[in-house]
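Okay, so here's the structure we're looking at.
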Amino acid sequence: MTGTKRGSTGQIGARRKRVEDPRLLTGQGTFVDDIQLPGMLHLDFVRSTHAQARIAAIDTSEAAKCPGVVAVYTAEEIHGFVPLLPGPAELPGLRAPEHHVLANGHVRYVGEAVAAVVAEERYTARDAREAIRVDYEPLPAVTDMERALEADAPLVHEEFGSNLAFELPLGNETAAALEEADVVIQQRMLNQRVIPNTMETRGIVADYRRSDGQITVWLSTQAPHLIRSLLAELLDLPEHRLRVIAPDVGGGFGAKANLYGEEMLAVALAKQLGRPVKWIEERQEHMLATSHGRAQLAHVTLGAARDGTIRALELRILADMGAYPHIMTPLAPLQTAAVMTGCYRIPCARAEIQGVFTNTTAPDPYRGFGRAEAAYYLERAIDLLARRLDLDPIEVRRRNFIQPEEFPYSSPTGYVLESGDYEVCLRRALEKVDIGALRQQQGRLRSEGRYIGIGFASYVYRAGFPSLPKLPRTGFLKGGWESAWLRVDPMGKVTVLTGTSPHGQGLETSLAQIAADELDIDLEDVVVRHGDTASIPHGNGTMGSRSLAVGGSAVLLAAREVRHKALRLAAHHLGVEVDAVRLEAGRAFLPGHPERAISFADLADLSYSFLDLPDGMTPRLEASATFEPHNWNAPFGTHVCVVEVDVQTGEPKLLRYVAVDDCGRAVNPLIVEGQIHGGVAQGLGQALMETVVYDSEGQPLTVSFLEYATPTASDMPTLEVELTETPSPLNPLGARGVGESGTTGAPPALVNAVVDALAPFGVEHLDMPLLPERVWRVLHEAGAVR
Amino acid sequence: MQISVRVNGKQTSAEVEPRTLLVHFLREQLRLTGVHIGCDTSQCGACSVLLDGKLVKSCTILAVQADEREVLTIEGLAPREGLHPVQEAFQECHALQCGFCTPGMVMAAHALLSRRPNPSEPEIREALRGNRCRCTGYQNIVTAISAAAEKQSKREAQP
Ligand code: FES
Ligand code: FES
């Protein structure tokens with residue numbers, strides 16, 4: 001590790017209360033819907049009620065007559081001032097359909113925007129929306145990927161002649177290794193479609209000032225600068241007159257890292273109409289039109305020697321592209337392939353990827369994006385292997401772990417893991433659950449007809465992406481770097497500007513801790529600002545578990561530079577060499593001479609008065625810094641889940657959930673644990689209850705919290721979280737990502753636990769979500785219940 | 001229609017459309033934007049407020065139904081300076097992340113503790129069934145409510 005300074009104020013590693021909390025706790029946060037501007041108009045959308053149809057006619061005449069309606073738009077009316085949405089990242093051979101903001105004569109999923117209304121008030125806009133008549137000629141639709149690839153399947157995009165969006169192999173040869181393996185297991189595994197369901201839905205307010213062409217956009221987003229570049233490029237607006245502000249953001253989880261059609265239209269209309277335009281997504285719209293997550297299917301093949309040593313792994317992946325893939329949609333299966341061998345030494349690995357068009361909402365990043373899928377397939381496969389060989393699943397994991405001395409380790413699919421210690425997390429997790437006693441209890445209860453299951457998942461993923469030369473896309477993901485700017489005001493208070501843009505992770509606190517630690521001042525003396533392109537340096541936003549490891553490192557570098565300058569200034573003031581001065585606890589001094597000191601505040605003040613500076617020193621204590629990681633960092637951990645399955649009802653009851661995670665140096669363990677809690681809840685949600693269901697016509701049946709249940713407090717067990725700290729060599733903080741650890745560890749841990757509980761009935765695999773009804777059916781088929 | 005509601009201790013008269021929901025009245029007319037909207041089917045609890053001391057979802061009630069009654073929102077919970085003990089416990093225990101569900105959660109917690117000063121963990125989890133959070137996994141929310149209960153009962157034990 002590259003020596004993180006630990007200041008006497010000990011900020012790094014401290015469980016500090018969050019500084020953003022008081023405003024959020026008292027109702028003084030500012031979310032997009034809280035913004036009201038004079039003369040503001042409300043935008044609303046008519047959405048397709050068909051999964052596939054030709055639009056014969058749209059009658060907007062009644063709507064246009066509604067009092068308070070300012071304008072009504074269809075594809076025709078916005079043609080000319082609203083361009084197409086950006087297509088997906090350019091993979092070789094990828095077929096990219098045109099993506100219109102409003103459907104252009106044809107709809108391809110339920111929820112696709114067909115027409116837009118702008119009105120003086122929210123209620124009026126809704127009335128007008130109801131008054132628009134759309135005449136559809138329904139066509140057959142396909143929402144299932146396997147069905148979509150059949151020769152006689154309905155085509156999502158007629159012009160492509162098939163529903164195959166792209167095909168890509170990755171990895172090395174596996175055939176020979178599988179041939180020679182003592183045992184080969186094969187399993188089809190579904191990683192079902194889920195909905196991010198941020199508690200704050202999407203929303204935007206766009207304001208245009210005609211006098212000077214200034215456009216201000218408040219947007220619930222994870223990436224204000226990326227969105228600004230996209231808007232500027234697509235709408236042909238001068239980027240410097242475009243200001244995007246991400247105010248308080250009520251969760252993103254990947255679904256707010258993209259520019260959506262509704263958002264681009266709101267900006268274009270604000271300019272067109274010369275009045276502020278607001279659009280706030282309804283929950284039902286969120287379920288239909290915000291990007292979904294996962295939606296992957298894999299045929300998993302794992303070959304091993306009799307002693308459990310894994311020889312080869314093969315994934316045949318079908319990845320759902322929806323009807324109109326977003327920029328990042330096709331990258332999910334590539335992520336899966338990259339980390340498919342997880343924390344194990346697997347010499348041969350290969351992924352055959354097929355991207356498939358369906359008449360559905362496009363999936364896009366969702367906490368764990370592609371890597372959570374990989375961990376699920378692999379951790380499930382290892383349990384299947386252990387069962388087949390009658391080995392302890394813990395032992396199979398241990399036998400195959402990449403050992404600390406084997407790093408850096410290059411996986412067959414081209415991912416280089418720089419460091420890790422997988423055994424440490426596994427050992428701690430086993431101690432915490434007291435595995436010996438637990439297994440005894442399991443055996444005892446089994447003889448009484450009660451079915452306890454213990455599930456393990458050891459995961460590693462990749463976080464904090466580096467710059468990716470192979471995926472050019474103007475206006476998006478210009479690099480893996482992050483920026484920071486730090487200034488000390490004349491009274492010694494510090495302002496940090498960060499290019500990353502939190503949506504609930506508490507970066508105002510953790511980044512302040514990093515700066516306070518480096519400068520050795522009080523946390524209260526630092527304020528962190530973010531999310532406003534007018535005042536912060538260009539940044540790449542928050543996604544892929546990058547903000548702390550990458551954004552935090554940029555803050556550290558800026559703070560270091562300021563620290564050095566402060567020391568030079570102090571040395572000049574005290575009349576000594578710079579090496580003789582220490583900066584500690586809010587003052588600079590000469591060790592051994594307590595009277596020869598200057599407070600940090602006086603030093604700050606001094607830095608503004610030109611005549612007091614040493615020759616050549618510029619005024620002001622401030623610095624800007626950029627940090628570019630040269631590789632992804634690799635968070636890892638082991639989760640253990642204990643369930644009891646009621647064989648009469650099929651209900652899995654969670655008895656314990658233990659997570660031991662390693663995110664390298666934890667700047668604020670309180671916040672880190674919170675990240676694990678939230679991720680685990682989302683992961684358990686996927687494993688237990690969340691799924692998007694379509695009927696045979698392609699109608700989604702899950703459009704509210706009634707049909708699409710996210711976990712509530714009573715669905716969740718007590719979460720026992722422990723952290724180990726194996727510093728990453730990839731950044732000066734030694735940090736690894738953490739945001740996606742929970743969603744990566746939880747699904748395999750839970751499913752493995754339930755399958756373990758049902759082992760006496762010969763159950764080997766179950767697809768998520770493990771709703772009681774599904775579990776009961778399997779038990780019924782196995783003859784366990786009648 | 002003319003209504004007269006006591007909101008956060010202040011008598012307020014206003015003109016509302018008969019179909020205006022209480023949540024929109026509070027947010028848009030009174031600018032009490034701490035009351036959030038997270039769904040359109042009364043299933044998230046982000047809009048929770050107290051109506052005559054009882055926890056309600058303000059998206060299920062018309063503004064006119066609040067006529068001549070008393071509403072407490074998150075903005076009226078804390079004393080002028082500082083935080084209410086439940087809010088304090090939420091910060092202490094890191095019971096919020098994005099903060100969007102938080103006002104509703106805090107009101108639900110406050111309502112629970114007023115009715116049951118020492119709830120068990122299952123009782124807390126049960127009482128929060130109407131309030132969804134997507135960020136915290138509820139772990140620290142449950143911890144915070146227990147902590148607030150303990151603090152409150154200690155305070156009461158000392159005369
Ligand atoms: S807004 Fe969801 S319950 Fe009221
Ligand atoms: S803190 Fe984000 S929804 Fe609860």
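What's counted below: heavy atoms across the whole structure, side chains too, no hydrogens, waters or symmetry copies.
Summarising the local packing, CZ of B:Arg31 is surrounded by more than 12 heavy atoms from other residues, nucleotides or ligands at distances under 6.0 Å.
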* Do A:Asp127 and B:Arg19 pass the salt bridge (Lys or Arg N to Asp or Glu O under 4.0 Å) test, and can you show the C-alpha distance, the side-chain angles, and the key distance before you say yes or no? -> CA-CA 12 Å; A:Asp127 290 344; B:Arg19 63 170 171 170; 2.9 Å; yes
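Contact count against chain B (heavy-atom pairs under 4.5 Å) is highest for A:Ile671 among A:Thr198, A:Ile671, A:Val680. Ranked by heavy-atom pairs under 4.5 Å with chain B, the list A:Val721, A:Leu706, A:Thr201 is led by A:Leu706. Counting heavy-atom pairs under 4.5 Å between each of A:Glu690, A:Gln505, A:Glu673 and chain B puts A:Glu690 at the top. The most heavy-atom pairs under 4.5 Å with chain B, out of A:Pro196, A:Gly506, A:Ala681, A:Gly252, come from A:Pro196.
Residues B:Tyr138 and A:His677 place their aromatic rings such that the two centres sit no closer than 6.0 Å. With ring centers used as reference points, A:His292 lies 6.0 Å or more from A:Tyr366.
Judged by a 6.0 Å distance limit and a 45° cone about the ring axis, A:Arg283 is not positioned over the six-membered ring of A:Phe705.
Both the backbone and the side chain of A:Gln675 come within less than 4.5 Å of a heavy atom in chain B. For A:Ile676, no part sits under 4.5 Å from any heavy atom of chain B, backbone or side chain. Interface residue A:Pro717: only backbone heavy atoms are found under 4.5 Å from chain B. Contacts between A:Tyr123 and chain B at a heavy-atom distance below 4.5 Å involve backbone atoms as well as side-chain atoms. Neither the backbone nor the side chain of A:Glu285 comes within contact range of chain B, judged by heavy atoms closer than 4.5 Å. Contacts of B:Leu83 with chain A are made by side-chain atoms alone, with heavy-atom separations under 4.5 Å and no backbone atom involved. Contacts of A:Val249 with chain B are made by backbone atoms alone, with heavy-atom separations under 4.5 Å and no side-chain atom involved. For B:His84, no part lies near chain A; criterion is any non-hydrogen pair under 4.5 Å.
Chain B is approached within less than 4.5 Å, heavy atom to heavy atom, by A:Gly27, A:Phe31, A:Asp33, A:Asp34, A:Gln36 from residues 27-37 of chain A, ordered by number.
Inter-residue side-chain proximity for A:Asp248 and A:Leu24 is flagged as met; some heavy-atom pair is nearer than 4.5 Å. A 4.5 Å side-chain heavy-atom check between B:Leu51 and B:Glu70 finds every atom pair outside the cut-off.
Test A:Arg202, A:Arg122, A:Arg129 against A:Glu282 for salt bridge (Lys or Arg N to Asp or Glu O under 4.0 Å) and you get one pass: A:Arg129.
B:Thr20 contributes no side-chain N or O that, together with a main-chain N or O of B:Ala63, makes up a donor-acceptor pair within less than 3.5 Å. A:Gln222 places a side-chain N or O within 3.5 Å of a backbone atom of A:Gly254 that can act as its donor or acceptor partner.
Taking 4.0 Å as the cut-off between side-chain N and carboxylate O, A:Glu508 and A:Arg18 do not count as a salt-bridged pair.
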